[in-house]
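Below: the structure, in structure tokens.
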Protein chains: 2
Amino acid sequence: MARLGVESIRRQQLIDATLKVIEEHGFQGATIGKIAGASELSVGIVSHYFGGKQGLLEAAMRYLLSSLQQDVTTLMAKRPNAPRERLMAIVDANFSGAQTNAQSAKTWLAFWTQAMHSPDLMRLQRVNERRLLSNLMFHLRRLMPIEQARATAQTIAALIDGFWLRAAMSEGRIEPNQAVALCKTYIDQAIHANNGAK
Amino acid sequence: MARLGVESIRRQQLIDATLKVIEEHGFQGATIGKIAGASELSVGIVSHYFGGKQGLLEAAMRYLLSSLQQDVTTLMAKRPNAPRERLMAIVDANFSGAQTNAQSAKTWLAFWTQAMHSPDLMRLQRVNERRLLSNLMFHLRRLMPIEQARATAQTIAALIDGFWLRAAMSEGRIEPNQAVALCKTYIDQAIHANNGAK
DNA sequence: TTCAATAAATTGAATATTCATTCAAGAAAG
DNA sequence: CTTTCTTGAATGAATATTCAATTTATTGAA
């Protein structure tokens, strides 16, 4: 028997290499050859562990999504349990840590594009989106009537996506702090505008 | 000599076919063969008029960008020359007419992804983005102090992009009316929040 | 008007390239 | 010495590009 855990090590090696190559060459330029090179493994190993290129790409996206989800729950746990604070934590998490640089924004955009033509990736994307929305709704419900909460949740979600997209297009010159600040300003405006209507 | 204007007719034929094929098969699936088929021309004609596939794709994106720009100026011209009205017109234009359906949102997303790896397309994208921002700023400046105007302009731009992105991901179930309504609600909130500080 | 002569436009089979996948052989671990 | 892991050359499929041949349009002389 080979060393225990080789499989999970190799899988992660390949996923890391995949993300790196997509960052560098885009989704189109991410060939098995380049990925194998970046991982210092051979091309054959991909089908051995992931069945093929598509399987590797889906695993890589799953990894990105779960990283984001982990950032969210970690950051949320550290904040006071007040609705406004929790909302701010959600925003912070979505622009935090490993997530925030133009490179990883490009990777996200690439996956989004890909997701439109892969039911599996699309499903993953939807699950995450619904989680974000229901998360936002949960806290907004405590601050405003349900209709306004719904609208505000949609708007916050769109804002987050929009800033991400702009980050991807801005060639390294992303200012996560600015995006976070603008999102927070919006949230306070929305709370203020709908306050008292509760 | 051949009939005058054949060149521009053929170019448009190919661009239309390109957009149609991308809508239908995605960016990856948009092969020269399919595009030629959809345009009822031969594959050879592409390199004759555009030098190659890349040239055709760039021309198609140029066409989309200029269509959007035209929608904006057309709609703006019809509205009263009041700052708030003009802002609303900008939002309307960005979700109007030929622009608004999940298919064309997918096409946009595909081009954005592509633009990240093509300096030429990136430059085009930037020009358009700067035009949108300065357009927004021009009117916001009349409603609030410059710092708030800057922040609001960034937020509106991000909102527009964000709703587009969500439209692209939402598999045909896009509600442009809802996106427009939410953008407008935000604008009014922002005006209200920063009013009097003028 | 008709008819070559010429130029422009168009075709699509042939070619070249790129790349995912396969798998027989070999290396490494236990 | 058996099992697992890994390699990478060979294969085949997909597709962009090329270009010689063909078609179509234009011109102007008869």
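Naming: A, B, ... by sequence-line order, numbering from 1 per chain. The structure presented is a predicted model; accordingly, all values stated were derived computationally and were not measured.
- The A:Lys53 side chain lies nearest to C:dT21 when the options are C:dT21, D:dT7, C:dG12.
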Nucleotide-resolved protein contact map, nucleotides 13-18 of chain C, B/S/- at heavy-atom distance under 4.0 Å: B-----

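- As a whole-Å value, the separation of A:Phe50 CZ from C:dT22 P is 16 Å.
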Audit row: B:Glu24, B:Lys34, salt bridge (Lys or Arg N to Asp or Glu O under 4.0 Å) steps and yes/no: CA-CA 10 Å; B:Glu24 202 163 337; B:Lys34 289 198 195 115; over 6 Å; no

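- For B:Arg11, the salt bridge (charged side-chain N to carboxylate O under 4.0 Å, His left out) partners are B:Glu7, not counting sequence neighbours.
- In this structure, A:Arg142 satisfies the cation-pi test against A:Phe138, with its NZ or CZ atom closer than 6.0 Å to the six-membered ring centre and inside 45 degrees of the ring normal.
- A salt bridge links B:Arg62 with B:Glu58: at least one charged nitrogen is closer than 4.0 Å to a carboxylate oxygen.
- Residues forming a salt bridge (charged side-chain N to carboxylate O under 4.0 Å, His left out) with A:Arg123 (at least two apart in sequence, or on another chain): none.
- Rounded to whole angstrom, the span from the CD1 atom of A:Ile45 across to the C1' atom of D:dC5 amounts to 6 Å.
- Between A:Lys34 and A:Ser47, the residue anchored nearer the 5' end of DNA chain C, judged by the nucleotide with its closest heavy atom, is A:Lys34.
- Between B:Arg10 and C:dT10, a side-chain N or O to OP1/OP2 separation shorter than 4.0 Å is present.
- For B:Ile32 and D:dT18, the CD1 to P distance is 11 Å, given to the nearest whole Å.
- Across the protein-nucleic acid pair, A:Ile9 atom CD1 and D:dC5 atom P stand 11 Å apart, rounded to whole Å.
- Rounded to whole Å, the distance from CD on B:Glu7 to P on D:dT24 is 20 Å.
- Nearest to the side-chain atoms of A:His48 among the listed nucleotides C:dA20, C:dT11, D:dT6 stands D:dT6.
- Between B:Gln114 and A:Gln28, the side chains place a donor N or O and an acceptor N or O closer than 3.5 Å (distance only, hydrogens not considered).
- Residue contacts for A:Tyr49: at a heavy-atom cut-off of 4.0 Å it reaches the sugar-phosphate backbone alone, with no base atom in range.
- One can place CD of B:Gln13 at 8 Å from P of C:dT10, the figure rounded to the nearest angstrom.
- Counting to the nearest Å, the P atom of D:dT7 and the CD atom of A:Glu40 are 10 Å from each other.
- If you measure from atom CG of A:Leu56 to atom P of C:dT21, you get 10 Å, rounded to the nearest angstrom.
- Side-chain contact check for B:Gln12 and B:Asp16: at least one donor-acceptor pair (N or O, by modelled atom type) lies under 3.5 Å.
- The side chain of A:Val6 lies closest to D:dC5 when the candidates are C:dT21, D:dC5, D:dG8.
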